[in-house]
Amino acid sequence: MLQIQNNMEILSNLTSKFPTFMLTSIPGLESVHAWISIPFCCLYTVALSGNSMILFVVITQQSLHEPMYYFLSMLSAADLGLTLSTMSTTLGILWFDAREISLDTCIVQMFFLHGFTIIECGVLVAMAFDRYVAICDPLRYTAILTNSRIIQMGLLMIIRTVVLIVPLLLLLKPLYFCRVNVLSHSYCYYPDVIKLACSDTRANSICGIIDLFLTTGVDTLCIILSYILIVRSVLHIASPEERHKVFSTCVSHIGALTIFYIPMISLSLVHRYSRSAPRVVHSLMANIYLLLPPVLNPIIYSVKTKHIRKVIFSLLLTK
């Protein structure tokens, strides 16, 4: 009986229901955090200014009040949210070595981080649908993608995000965590947090798999189907020049898909299969996953979309 009581005391000392997590920036480079913060600040500045510029020109320019640009503004809003949701903790570590974060704060950060990721995934599906309608049924483009329908699509993305994310994060509250809670990244990432739990996480795993299927799984299938139909339609065009011209309207969207899905899949694979990989690999992949889309999306669309580029140049030159 005494042995059981001692074991219970040891267990209570090792676990906690209200833990404090320790965030990690780039392992092994703690002494040069001030220098590392310079490129991070530059990337955050590019992400914030680029996406804010896209949002500003789409909202203020009447000529850009079209479905394609509405979806682009949604993408920029999601990228802004993704950047802001992690910027405070990342720069807090690099500038002030502020590594501690409570479970409640961690849950709030994960809500916005994973929420904006799901929204961005949904926006990319909407943009694929936009390209499908524009290429395969151009005469009914404005009749299909009306303003009210675009608003409905945006609300559906938000509702789906809340319905899927809230139960997943609430399941974290009853868990017990080991006292040594060192996370692999400079922000709270759900797979990174859940692996530190000392109690049963089967319900969390099942809910996570369902969410993954209903977001990345379904969205990826919809995007692939859209591009199969687009390619089939483009191949029916007799003129190679017209074929190239039509398909070139998809280049920006394909670029956005590439910089969104490749880092996300790579980070998931690192967490799932590369536990023996150096911690610096986890850290670099995590930062690429978050910073690459918000930094590159405005650049891709500004370079490849003539109308956007023209409006931005005219605004910059008049100031």
Side-chain angles (χ1 to χ4, degrees), residues 51 54-55 58 64-79 81-82 114-161 164 211-237 242-265 268 289 292-294 296-308:
N51 287 290
I54 295 290
L55 271 175
V58 172
L64 298 180
H65 290 181
E66 298 177 8
M68 173 185 174
Y69 301 113
Y70 287 143
F71 290 130
L72 177 57
S73 66
M74 291 181 189
L75 184 68
S76 293
D79 280 336
L82 202 60
H114 294 290
F116 281 115
T117 301
I118 292 174
I119 289 174
E120 181 154 345
C121 207
V123 173
L124 291 172
V125 175
M127 296 176 87
F129 179 70
D130 169 79
R131 291 300 84 206
Y132 160 72
V133 176
I135 293 171
C136 301
D137 199 1
L139 297 179
R140 298 180 61 230
Y141 180 73
T142 54
I144 294 173
L145 290 172
T146 60
N147 288 344
S148 61
R149 191 157 291 166
I150 292 171
I151 292 171
Q152 290 171 1
M153 293 169 72
L155 289 174
L156 184 62
M157 294 175 203
I158 295 172
I159 292 170
R160 180 182 74 157
T161 298
L164 293 178
D211 282 10
L212 188 64
F213 172 75
L214 293 176
T215 53
T216 306
V218 172
D219 291 353
T220 303
L221 288 175
C222 290
I223 291 170
I224 292 172
L225 177 61
S226 296
Y227 271 96
I228 289 173
L229 296 174
I230 288 171
V231 170
R232 189 178 69 174
S233 178
V234 170
L235 290 177
H236 287 158
I237 300 174
E242 284 296 319
R243 195 182 301 167
H244 179 267
K245 182 179 179 181
V246 170
F247 195 71
S248 65
T249 62
C250 300
V251 171
S252 298
H253 182 245
I254 293 172
L257 288 171
T258 302
I259 63 175
F260 177 77
Y261 274 100
I262 289 181
M264 182 177 68
I265 293 170
S268 299
Y289 159 65
L292 203 63
L296 293 184
N297 277 336
I299 297 173
I300 290 172
Y301 276 93
S302 298
V303 170
K304 298 301 296 181
T305 308
K306 184 178 178 180
H307 205 167
I308 287 281

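Side-chain contact between L257 and Y227 is present, with heavy atoms from C-beta onward closer than 4.5 Å. Residues S76 and N297 form no side-chain contact, since every pair of their non-hydrogen atoms from C-beta on lies 4.5 Å or further apart.
Residue pairs meeting the salt bridge (Lys or Arg N to Asp or Glu O under 4.0 Å) criterion with at least one partner in residues 117-126, sequence neighbours excluded, are absent. Identified under the salt bridge (Lys or Arg N to Asp or Glu O under 4.0 Å) test for residues 245-265, with sequence neighbours left out: none.
H244 contributes atom NE2, which lies 10.5 Å from atom OG1 of T249 (distance to the nearest 0.5 angstrom). Atoms CE and OG1, on M157 and T161 in that order, are 9.0 Å from each other to the nearest 0.5 Å. Put simply, CZ on R149 and CG on N147 are 11.5 Å apart, with the number rounded to the nearest 0.5 Å. Atom SG in C121 sits 13.5 Å away from atom NE2 in H114 (nearest 0.5 Å). Atom CG of L212 sits about 5.0 Å away from atom OG1 of T216, to the nearest 0.5 Å.
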For this session: Run the numbers on L225 and L221 for side-chain contact (heavy atoms from CB on, under 4.5 Å), then give the verdict.
Result: CA-CA 6 Å; L225 177 61; L221 288 175; over 6 Å; no

Exercise. Run the side-chain contact (heavy atoms from CB on, under 4.5 Å) check on L292 and I262 step by step: do they pass?
Worked result: CA-CA 10 Å; L292 203 63; I262 289 181; over 6 Å; no

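What you find for R243 and L235 is that their closest heavy atoms are NH2-O, 4.1 Å. Considering every non-hydrogen atom in both I54 and S302, the closest pair reads CD1-OG, 4.0 Å. Between P294 and L82, the shortest heavy-atom contact is CG-CD2, 4.4 Å. The minimum heavy-atom distance linking N51 with P298 is given by the pair OD1-CG, 3.4 Å. For the residue pair L145 and M153, the shortest heavy atom distance occurs at CD2-SD, 4.3 Å. Scanning both residues, P293 and I259, for their nearest heavy atoms gives CG-O, 3.3 Å.
With sequence neighbours excluded, no residue forms a ring-ring contact (aromatic ring centres under 6.0 Å, His included) with F116. Remark: S252 pairs with I300, Y301, K304, T305 by the side-chain contact (heavy atoms from CB on, under 4.5 Å) rule, at least two apart or across chains. Under the rule for a side-chain contact (heavy atoms from CB on, under 4.5 Å), the partners of I224 that lie at least two apart in sequence or sit in another chain are T220, I228. Looking at residues two or more places apart in sequence or on another chain, you find no side-chain hydrogen bond (donor to acceptor under 3.5 Å, both in side chains) involving Y261. For F247, the ring-ring contact (aromatic ring centres under 6.0 Å, His included) test picks out no residue, with sequence neighbours left out. Applying the ring-ring contact (aromatic ring centres under 6.0 Å, His included) test to H307 and every residue at least two apart in sequence or in another chain returns Y69. By the side-chain contact (heavy atoms from CB on, under 4.5 Å) test, T215 pairs with I118, R160, L164, sequence neighbours left out. Qualifying side-chain contact (heavy atoms from CB on, under 4.5 Å) partners for V218, counting only residues two or more places apart in sequence or in other chains: F213, C222. Checked against side-chain hydrogen bond (donor to acceptor under 3.5 Å, both in side chains), T146 has the following partners two or more places apart in sequence or in another chain: S148.
Of the possible polar contacts, none joining the S233 side chain to the I230 backbone as a donor-acceptor pair under 3.5 Å is found.
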In a table with atom names and distances, give each donor-acceptor pair under 3.5 Å that connects a side chain of residues 123-140 to protein atoms at least two apart or in another chain.
unit_1 : atom_1 : unit_2 : atom_2 : d
D130   : OD1    : Y141   : OH     : 2.4
D137   : OD2    : R140   : NH1    : 3.1

